[in-house]
Novice: 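My questions all concern the structure below.
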Amino acid sequence: MKIETFELERLQSIWENRVDINLTESGLHPYTLRELLSEAEIDQMLDLRLGYGWTNGEPRLRQAISEHYSSTTPEEILVTSGSAEANFLAVWTLLEPGDEIAVMLPNYMQIWGLARSLGIEARGFRLREDLDWAPDLDELRSIVSKRTRLVVVCNPNNPTGAVLSNDSMEQILEIASSVGATVYADEVYRGVELDGQEGPSFRDLDSSAIVAAGLSKALAHPGLRIGWLAGPADFIDAAWHRNDYTTITTSVISEFVATTILRPDRRQEILQRNREMLNRNLVILLDWIRQRPDQFRLVPPKAGGMCFLRYAANVNSTELATRLRNEKSLLVLPGDVYGMDHYLRLGIGERSDYLKRGLELLGDGFDELEECARA
Ligand SMILES: Cc1ncc(COP(=O)(O)O)c(C=O)c1O
């Protein structure tokens, strides 16, 4: 089987630990275990027996996850190795070669690339910058057909940080249902809305919707590799069967820590810390852009740890990102990985000093480009 290279991840995998400043992270500055856990919890962790545990997820963890949705039971949850595995299992479980899916674009491009590699036809519907990155739902209506199995969205969105209105969510559900398709929503950024208003999950609006989420982004613990699927019990059971062929299970240590993170008070504390970081960093970013009005344009993100910046310079985004990496040791994601040249994705969930250093390097890079163009 031939696969399409997942350019977005490949770039990060190769370079993220080799540069001085990495602004490709879309989540929030991660915690250490010492920052997170109390002494009593650390003791409990040291006494864990390192067996396989429950391969679909430890019952208390599934219970804790299910409580974050309005009408979802623990039997409707499968714990996975990151939300990346959740997305993989969903595609593998639900789709056959020849099926069609409608995918919000831009998007974390995993499902797009994976589905196409499996012989599934992926059709895109766009978020439009002129609508503050709201979706073009007429375009969605025009691309669905009786062969559409899934309508795939990422909400809050990677890379724009846009959040769907309740009305758009309802319309997406209605359009999917009009052709007998299921809505599949990747909601890993839900919870770090900058205005503090956590939006509904698609699962809260429709019990046939399937949702992927996890601890890597809004909850700032990517190193635990804990994600999950929430969906109808028969789908969850089928995905669990396939999980026997992928990673079997996650780690009992990660599941223990995940259960402490999902305690309502702890979860709120983490989300509050993250929203404060993002709001502080957004001010820094917007100030920086204000000083460079001819170089950049930005629809400010409403959630998530990133923004999608439009630049005016007449240079290809991959070429630009390569120059910044080689000449400034600064890593950013080129819009090309989303099929959208002349944009850069910048992570804004890091510590403020780190972000400021990255923006300085980025500004220098663009100033030098302009000098070259003038010379
Ligand atoms: C929208 C989205 N989904 C899934 C993932 C995979 O994350 P993880 O497997 O760490 O949960 C990412 C990573 O960037 C993402 O942005």
Novice: Of the non-hydrogen atoms in Val179 and Ser145, which two are nearest, and what is the gap between them?
Specialist: CB-O, 3.5 Å
Novice: Taking 4.0 angstrom as the limit, do Asp130 and Arg128 come out as a salt bridge?
Specialist: yes
Novice: More than 12 heavy atoms of other residues, nucleotides or ligands under 6.0 Å from CG of Asn314: is that the case?
Specialist: no
Novice: What are the two closest non-hydrogen atoms of Glu193 and Gln197, and how far apart are they?
Specialist: CG-O, 3.3 Å
Novice: Report the C-alpha distance between Ser208 and Asp206 in whole Å, list the side-chain angles of each, state the deciding distance to 0.1 Å, and finish with yes or no for side-chain hydrogen bond (donor to acceptor under 3.5 Å, both in side chains).
Specialist: CA-CA 5 Å; Ser208 71; Asp206 185 335; 2.9 Å; yes
Novice: Is there a continuous path of hydrophobic side-chain contacts, each under 4.5 Å between heavy atoms, that joins Leu118 to Tyr245?
Specialist: yes
Novice: I'd like to check the salt bridge (charged side-chain N to carboxylate O under 4.0 Å, His left out) partners of Arg357; sequence neighbours left out, ordered by chain and number.
Specialist: none
Novice: Side chains of Asp341 and Ser317: do they bring a donor and an acceptor to under 3.5 Å?
Specialist: yes
Novice: How far apart are the C-alpha atoms of Glu350 and Asn281, what are their side-chain angles, what is the distance that settles it, and do they pass the side-chain hydrogen bond (donor to acceptor under 3.5 Å, both in side chains) test?
Specialist: CA-CA 8 Å; Glu350 260 302 335; Asn281 285 350; over 6 Å; no
Novice: Looking only at heavy atoms, which two atoms of Ala86 and Ala212 are closest? And how far apart?
Specialist: CB-CB, 4.1 Å
Novice: With the 4.5 Å side-chain cut-off for hydrophobic clustering, are Val19 and Ile14 part of the same group?
Specialist: yes
Novice: Checking Arg203 against Thr72: is there a side-chain donor and acceptor pair closer than 3.5 Å?
Specialist: yes
Novice: Shared ILVMFWY cluster between Val163 and Leu28, side chains joined below 4.5 angstrom?
Specialist: no
Novice: Exactly one of Arg149, Arg147, Lys146, Arg116 should register a salt bridge (charged side-chain N to carboxylate O under 4.0 Å, His left out) with Glu100. Which one does?
Specialist: Arg147
Novice: Are Arg126 and Asp136 close enough for a salt bridge, meaning some N to O gap below 4.0 Å?
Specialist: no
Novice: Determine whether the side chains of Ser168 and Gln171 contain a donor N or O and an acceptor N or O closer than 3.5 Å.
Specialist: no
Novice: Among Ile, Leu, Val, Met, Phe, Trp and Tyr joined by side-chain contacts under 4.5 Å, find the other residues sharing a cluster with Tyr189 and list them by chain and number.
Specialist: Val188, Met306
Novice: Do you see a donor-acceptor pair shorter than 3.5 Å between the side chains of Lys2 and Ser117?
Specialist: no
Novice: Is the closest basic N to carboxylate O distance between Lys328 and Glu368 below 4.0 Å?
Specialist: yes
Novice: Could you check whether Arg273 makes a cation-pi contact with Tyr31, meaning its NZ or CZ is under 6.0 Å from the centre of the six-membered ring and within 45° of the ring axis?
Specialist: yes
Novice: Could you grab the distance from atom CG of Leu344 to atom CG of Leu362, nearest 0.5 Å is fine?
Specialist: 6.5 Å
Novice: Is the CH2 atom of Trp54 crowded by more than 12 outside heavy atoms at less than 6.0 Å?
Specialist: no
Novice: Can you measure from CG (Leu127) to CG (Asn107) and round to the nearest 0.5 angstrom?
Specialist: 8.0 Å
Novice: Report the C-alpha separation of Ile21 and Leu23 in whole Å, then their side-chain angles, then the decisive distance to 0.1 Å, and conclude whether the side-chain contact (heavy atoms from CB on, under 4.5 Å) test is met.
Specialist: CA-CA 6 Å; Ile21 300 283; Leu23 290 190; 4.0 Å; yes
Novice: Are Asp186 and Gln110 close enough that a side-chain donor and a side-chain acceptor fall under 3.5 Å?
Specialist: no
Novice: Check step by step if side-chain hydrogen bond (donor to acceptor under 3.5 Å, both in side chains) holds for Gln272 and Gln268.
Specialist: CA-CA 6 Å; Gln272 181 64 21; Gln268 275 317 319; over 6 Å; no
Novice: Check side-chain hydrogen bond (donor to acceptor under 3.5 Å, both in side chains) between Glu174 and all other residues, then give those that pass, not counting sequence neighbours.
Specialist: none
Novice: Does the side chain of Trp133 reach to within under 4.5 Å of the side chain of Phe308, using non-hydrogen atoms?
Specialist: yes
Novice: If you round to the nearest 0.5 Å, how far is NZ of Lys356 from CG of Asp287?
Specialist: 9.5 Å
Novice: For a quick check under 3.5 Å, do Glu67 and Gln63 share a side-chain donor-acceptor pair by atom type?
Specialist: yes
Novice: Using 0.5 Å steps for rounding, measure from the NZ atom of Lys302 to the CG atom of Leu282.
Specialist: 11.5 Å
Novice: Assess whether a salt bridge exists between Arg242 and Glu85, defined as any Lys/Arg side-chain N lying under 4.0 Å from an Asp/Glu carboxylate O.
Specialist: no
Novice: Going by an N to O cut-off under 4.0 Å, is there a salt bridge joining Glu121 and Arg123?
Specialist: yes
Novice: Flag the pair Phe366 / Phe296 as yes when their ring centroid distance falls below 6.0 Å, and as no otherwise.
Specialist: yes
Novice: Looking at side-chain heavy atoms only, is the closest gap between Met45 and Ile253 below 4.5 Å?
Specialist: yes
Novice: Verify salt bridge (Lys or Arg N to Asp or Glu O under 4.0 Å) between Arg263 and Glu41, making sure each step is shown before the conclusion.
Specialist: CA-CA 13 Å; Arg263 262 190 7 226; Glu41 287 166 338; 3.1 Å; yes
Novice: Looking at every heavy atom in both Leu286 and Pro300, which two are closest together, and how far apart are they?
Specialist: CD2-CG, 4.3 Å
Novice: Between Arg297 and Tyr311, do the side chains contain an N or O donor and an N or O acceptor separated by less than 3.5 Å?
Specialist: no
Novice: Could I get the full list of side-chain hydrogen bond (donor to acceptor under 3.5 Å, both in side chains) partners for Arg325, not counting sequence neighbours?
Specialist: none
Novice: With sequence neighbours excluded, tell me which residues meet side-chain contact (heavy atoms from CB on, under 4.5 Å) with Ser71.
Specialist: none
Novice: Do Trp92 and Ile3 land in one hydrophobic cluster if side-chain heavy atoms of ILVMFWY residues count as linked below 4.5 Å?
Specialist: yes
Novice: Between Tyr343 and Arg310, is there a cation-pi geometry (under 6.0 Å to ring centre, at most 45° from the normal)?
Specialist: yes
Novice: Looking only at side chains, do Thr24 and Asn22 share a donor and an acceptor under 3.5 Å apart?
Specialist: yes
Novice: Which atoms form the tightest heavy-atom contact between Val152 and Phe125, and what is the distance?
Specialist: O-CE2, 4.2 Å
Novice: When you look at Asp336 and Thr318, which way does the side-chain hydrogen bond (donor to acceptor under 3.5 Å, both in side chains) test go after all the steps?
Specialist: CA-CA 6 Å; Asp336 279 345; Thr318 302; 2.5 Å; yes
Novice: Using side-chain heavy atoms (C-beta onward) and a distance below 4.5 Å, is Asn56 in contact with Val79?
Specialist: no
Novice: Roughly how far, to the nearest 0.5 Å, is OG1 of Thr259 from CD of Gln44?
Specialist: 10.5 Å
Novice: Kindly give the heavy-atom pair with the smallest separation between Pro301 and Leu298, and that separation in Å.
Specialist: CD-CD2, 4.4 Å
Novice: Would you say Trp240 and Thr55 are linked by a side-chain donor-acceptor pair, where the criterion is simply a distance under 3.5 Å?
Specialist: yes
Novice: Judged by modelled atom types alone, do Thr246 and Asn243 share a side-chain donor-acceptor pair under 3.5 Å?
Specialist: yes
Novice: Between Phe202 and Tyr69, is the ring centroid distance below 6.0 Å?
Specialist: no
Novice: Mind checking the CD-CD1 spacing from Glu76 to Ile236? Nearest 0.5 Å is all I need.
Specialist: 8.0 Å
Novice: Using the test side-chain hydrogen bond (donor to acceptor under 3.5 Å, both in side chains), find all partners of Thr250 that sit at least two apart in sequence or belong to another chain.
Specialist: Glu255
Novice: Using a cut-off of 6.0 Å, state whether more than 12 heavy atoms not belonging to Arg60 lie near its atom CZ.
Specialist: no
